[in-house]
Amino acid sequence: QVQLVESGGGLVQPGGSLRLSCAASGFPLSRFTMRWYRQALGKERELVASITSAYSTGYADSVKGRFTISRDNAKNTVYLQMNSLKPEDTAVYYCAAVGIGAWGQGTQVTVSS
């Protein structure tokens with residue numbers, strides 16, 4: 001069974017940091033481009049970061065220089081390190097594999113003072 005489980009979210013003050021994890025099972029993660037998305041209340045889901053099987057990365061302009069996506073194929077896990085967090089980063093964060101039609105339940109990130 002394909003499964004994606006996001007974790008690591010929480011409440012953090014502006015300027016703080018969080019690291020999100022996405023544990024994958026049921027498919028060979030190493031062969032897939034992995035992505036992080038987020039969806040804020042009342043807004044559409046947006047692509048935040050992407051990492052290919054060759055470890056090439058890409059980021060939305062809004063998070064460049066602040067977020068870092070990485071992967072550990074041996075652990076079947078993708079990470080999103082988020083630094084210098086802003087209130088605008090508040091959203092539910094999801095991970096997905098390109099070509100796999102499955103989403104996790106997401107993890108809530110709230111940035112507030």
Side-chain angles (χ1 to χ4, degrees):
Q1 297 179 356
V2 172
Q3 187 172 11
L4 297 167
V5 180
E6 300 93 342
S7 63
L11 175 64
V12 64
Q13 293 185 330
S17 298
L18 287 172
R19 189 176 80 152
L20 307 183
S21 298
C22 173
S25 61
F27 67 95
L29 181 143
S30 63
R31 299 182 180 178
F32 288 83
T33 293
M34 300 297 297
R35 290 173 171 173
W36 283 98
Y37 294 82
R38 67 186 181 188
Q39 187 165 25
L41 186 63
K43 296 185 178 181
E44 66 181 4
R45 186 171 297 185
E46 65 173 333
L47 177 63
V48 175
S50 177
I51 183 167
T52 72
S53 61
Y55 296 88
S56 295
T57 60
Y59 301 91
D61 288 341
S62 59
V63 307
K64 285 182 179 177
R66 300 189 297 119
F67 290 11
T68 303
I69 188 171
S70 61
R71 65 194 299 159
D72 187 335
N73 294 333
K75 296 181 179 179
N76 292 324
T77 302
V78 180
Y79 304 96
L80 185 68
Q81 178 67 46
M82 305 186 295
N83 299 325
S84 301
L85 283 162
K86 304 175 180 180
E88 308 94 272
D89 297 318
T90 296
V92 178
Y93 284 71
Y94 302 88
C95 69
V98 174
I100 300 294
W103 299 83
Q105 293 182 321
T107 185
Q108 175 72 49
V109 172
T110 302
V111 184
S112 177
S113 59

Name of the residue among Val48, Thr57, Leu20 meeting side chain to side chain contact (heavy atoms under 4.5 Å, CB included) with Ile69: Thr57

So which heavy atom on [X] is nearest to which on [Y], and how close?
{"X": "Val2", "Y": "Ile100", "result": "CG1-CG2, 3.7 Å"}
{"X": "Ala24", "Y": "Leu4", "result": "CB-CD2, 3.5 Å"}
{"X": "Gln108", "Y": "Ala91", "result": "NE2-O, 3.5 Å"}
{"X": "Ser21", "Y": "Thr77", "result": "CB-CG2, 4.3 Å"}

Within a strict 4.5 Å, meaning less than it, do heavy atoms of the [X] and [Y] side chains meet?
{"X": "Tyr59", "Y": "Leu47", "answer": "no"}
{"X": "Thr33", "Y": "Ile51", "answer": "no"}
{"X": "Phe32", "Y": "Thr52", "answer": "no"}
{"X": "Leu80", "Y": "Thr68", "answer": "no"}

Once rounded to the nearest 0.5 Å, what's the spacing between atom [atom1] of [X] and atom [atom2] of [Y]?
{"X": "Asn76", "Y": "Ser30", "atom1": "CG", "atom2": "OG", "answer": "8.0 Å"}
{"X": "Arg66", "Y": "Gln81", "atom1": "CZ", "atom2": "CD", "answer": "12.0 Å"}
{"X": "Asp89", "Y": "Thr110", "atom1": "CG", "atom2": "OG1", "answer": "11.0 Å"}
{"X": "Ser53", "Y": "Met34", "atom1": "OG", "atom2": "CE", "answer": "11.5 Å"}

Transitive ILVMFWY side-chain link Tyr55 to Leu29, under 4.5 Å: yes

Cation-pi geometry met for Arg19 and Tyr79 (6.0 Å, 45°): yes

Ring-face cation contact, Tyr94 with Arg38, 6.0 Å cut, 45° max: no

Name every donor-acceptor pair, under 3.5 Å, that has one atom in a side chain of residues 9-17 and the other anywhere in the protein, sequence neighbours excluded.
residue	atom	partner	partner atom	Å
Ser17	OG	Asn83	OD1	2.9

Near-ring test Tyr37/Tyr93, centroid separation under 6.0 angstrom: no

Derivation and outcome, side chain to side chain contact (heavy atoms under 4.5 Å, CB included), residues Val109 and Leu18: CA-CA 9 Å; Val109 172; Leu18 287 172; 3.9 Å; yes

Within the distance-only criterion (no hydrogens, no angle test), does the side chain of [X] pair as donor or acceptor with the backbone N or O of [Y] below 3.5 angstrom?
{"X": "Arg31", "Y": "Phe27", "value": "no"}
{"X": "Arg71", "Y": "Val78", "value": "no"}
{"X": "Thr90", "Y": "Val111", "value": "yes"}
{"X": "Glu6", "Y": "Gln105", "value": "yes"}

Pairs involving residues 16-113, ordered by first then second residue, that meet disulfide (SG to SG under 2.5 Å) (sequence neighbours left out): Cys22-Cys95

CA sep, side-chain torsions, deciding dist, call: Lys64, Asp61, salt bridge (charged side-chain N to carboxylate O under 4.0 Å, His left out): CA-CA 5 Å; Lys64 285 182 179 177; Asp61 288 341; 3.0 Å; yes

